[in-house]
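Heads up, the thing below is written out as structure tokens.
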Amino acid sequence: MSIEKEKRIHRKSVFNGHLVQVYLDEVQLAGKLAQREVVLHQDACAIIPVTADRQVLFVEQYRYAIEQVLLELPAGKVDFGEEADACAKRELEEETGYIGDLIPIGAVYTSPGFCNELIHLYIAKNLVKTKQHLDEGEFLNVVSIPLEEIWKLIKQGQITDAKTLAAFTLAKEHL
């Protein structure tokens with residue numbers, strides 16, 4: 001059985017922000033009209049930085065939308081005209097103060113029911129300490145956690161960030 005593609009009839013801009021654009025689309029499927037709320041977001045990347053002594057560098061960061069501090073992987077959006085690999089390298093150093101060899105492990109859509117955000121996932125090894133370069137208005141703590149403790153923290157619900165969970169699922173055979 002093939003799945004029929006929806007055809008966009010009309011797109012109305014609802015919000016055009018720095019990070020996202022929101023649209024209300026009218027689509028046609030099997031002769032019927034329906035509405036879709038769509039959020040367009042630049043690609044992003046997330047990195048699992050693993051030190052020589054098998055520690056993983058996480059960032060602890062307050063997330064306003066959920067009013068909580070989360071433990072998550074260093075990550076950030078791909079700038080216009082930038083390649084995902086370059087973004088991963090940049091974000092790793094900006095957020096953790098390390099550079100390293102990047103190994104791509106896949107990519108995931110964060111919420112494809114309404115958003116097109118694609119996050120490219122990497123492992124970083126052979127880390128070398130440099131200097132952290134946080135963006136203006138960015139506040140986070142770098143936290144080092146032994147690799148063997150990560151799955152326990154996930155099972156206990158202490159790591160709930162989707163990109164982080166997806167990255168560790170894809171990275172399992174590489175770690």
Side-chain angles (χ1 to χ4, degrees), residues 17-21 38-66 68-135 138-175:
H18 176 70
L19 186 61
V20 298
Q21 291 81 47
V38 179
V39 176
L40 299 184
H41 189 289
Q42 291 168 247
D43 284 3
C45 63
I47 310 99
I48 302 174
V50 183
T51 65
D53 61 350
R54 298 184 54 76
Q55 300 282 316
V56 177
L57 304 178
F58 282 84
V59 294
E60 237 179 8
Q61 193 168 7
Y62 179 77
R63 294 301 194 177
Y64 178 81
I66 60 169
Q68 292 181 33
V69 173
L70 288 185
L71 189 60
E72 56 191 271
L73 293 175
K77 68 179 178 61
V78 176
D79 289 336
F80 289 110
E82 183 180 40
E83 295 293 324
D85 291 358
C87 173
K89 179 180 177 182
R90 176 179 50 77
E91 288 292 340
L92 175 64
E93 186 171 23
E94 282 180 8
E95 292 194 356
T96 69
Y98 283 86
I99 58 172
D101 298 329
L102 294 174
I103 303 162
I105 56 171
V108 295
Y109 287 102
T110 58
S111 299
F114 69 91
C115 183
N116 72 336
E117 182 185 28
L118 179 68
I119 299 186
H120 304 270
L121 303 171
Y122 298 85
I123 297 172
K125 293 185 175 181
N126 303 316
L127 299 179
V128 176
K129 183 76 173 145
T130 61
K131 187 174 187 251
Q132 192 179 42
H133 306 279
L134 296 177
D135 291 334
E138 185 174 37
F139 302 97
L140 55 84
N141 296 319
V142 178
V143 178
S144 180
I145 300 174
L147 183 58
E148 55 276 355
E149 288 185 30
I150 304 299
W151 291 103
K152 181 176 76 171
L153 294 174
I154 290 170
K155 287 179 186 175
Q156 292 172 346
Q158 293 182 45
I159 298 174
T160 57
D161 172 61
K163 70 182 170 300
T164 300
L165 298 173
F168 276 97
T169 300
L170 291 172
K172 198 168 185 179
E173 66 188 56
H174 301 282
L175 299 172

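Just so it is clear, the model here is predicted, and its values are computed rather than measured.
The distance from atom CZ of R54 to atom CG of L147, rounded to the nearest 0.5 Å, is 4.5 Å. The CG atom of L140 sits 11.5 Å away from atom CG of L71, with the distance rounded to the nearest 0.5 Å. One distance of note links CG of L19 with NZ of K77; it measures 7.0 Å at 0.5 Å rounding. Remark: L127 CG to E93 CD distance equals 11.5 Å, nearest 0.5 Å. To the nearest 0.5 Å, the span separating CD1 on I99 from NZ on K131 amounts to 14.5 Å. Here E72 contributes atom CD and Q61 contributes atom CD; the two are 5.5 Å apart, rounded to the nearest 0.5 Å.
For K129, the NZ atom sits in a packed shell: over 12 heavy atoms of surrounding residues, nucleotides or ligands are nearer than 6.0 Å. Residue-environment remark: CD (E83) stays at or below the threshold of 12 foreign heavy atoms within 6.0 Å. A 6.0 Å sphere centred on OH of Y62 holds more than 12 heavy atoms belonging to other residues, nucleotides or ligands.
Heavy atoms only, all atoms of each residue included: P104 and L102 are closest at CD-O, 3.9 Å. Minimum interatomic distance between I105 and Y122 (heavy atoms only, all atoms of both residues): CG1-N, 3.9 Å. The two atoms that bring P49 and L73 nearest to each other are CD-CD2, 4.3 Å, heavy atoms only. When all heavy atoms of A75 and K163 are compared, the closest pair comes out as CB-CE, 3.4 Å. Between G106 and L170 the shortest heavy-atom distance is CA-CD1, 4.2 Å. The shortest heavy-atom contact between A124 and L92 is CB-CD2, 3.7 Å.
The aromatic rings of F168 and W151 lie perpendicular to each other, with more than 60° between the two planes, well past the 30° mark.
Looking at heavy atoms from C-beta onward, V128 lies out of side-chain contact with N126 at the 4.5 angstrom threshold. Proximity of H41 to N116: side-chain heavy atoms (C-beta onward) are separated by under 4.5 Å at one or more points. Using a 4.5 Å heavy-atom cutoff, the side chains of L175 and I150 are not in contact.
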- Report the C-alpha distance between F58 and I159 in whole Å, list the side-chain angles of each, state the deciding distance to 0.1 Å, and finish with yes or no for side-chain contact (heavy atoms from CB on, under 4.5 Å). CA-CA 10 Å; F58 282 84; I159 298 174; 4.0 Å; yes
- Show your working on side-chain contact (heavy atoms from CB on, under 4.5 Å) between H133 and E94 and close with a plain yes or no. CA-CA 4 Å; H133 306 279; E94 282 180 8; 4.2 Å; yes
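A distance-only check finds no donor-acceptor pair linking the side chain of S144 to the backbone of L57 [under 3.5 Å]. Q132 places a side-chain N or O within donor-acceptor distance of the main-chain N or O of E95, the cut-off being under 3.5 Å. Within the 3.5 Å criterion, the main-chain N or O of V78 finds no donor-acceptor partner in the side chain of R90. Proximity of a side-chain donor or acceptor of T51 to a complementary backbone N or O of Q55 within less than 3.5 Å is detected. Side chain of D161 to backbone of T164: a donor-acceptor contact under 3.5 angstrom is found.
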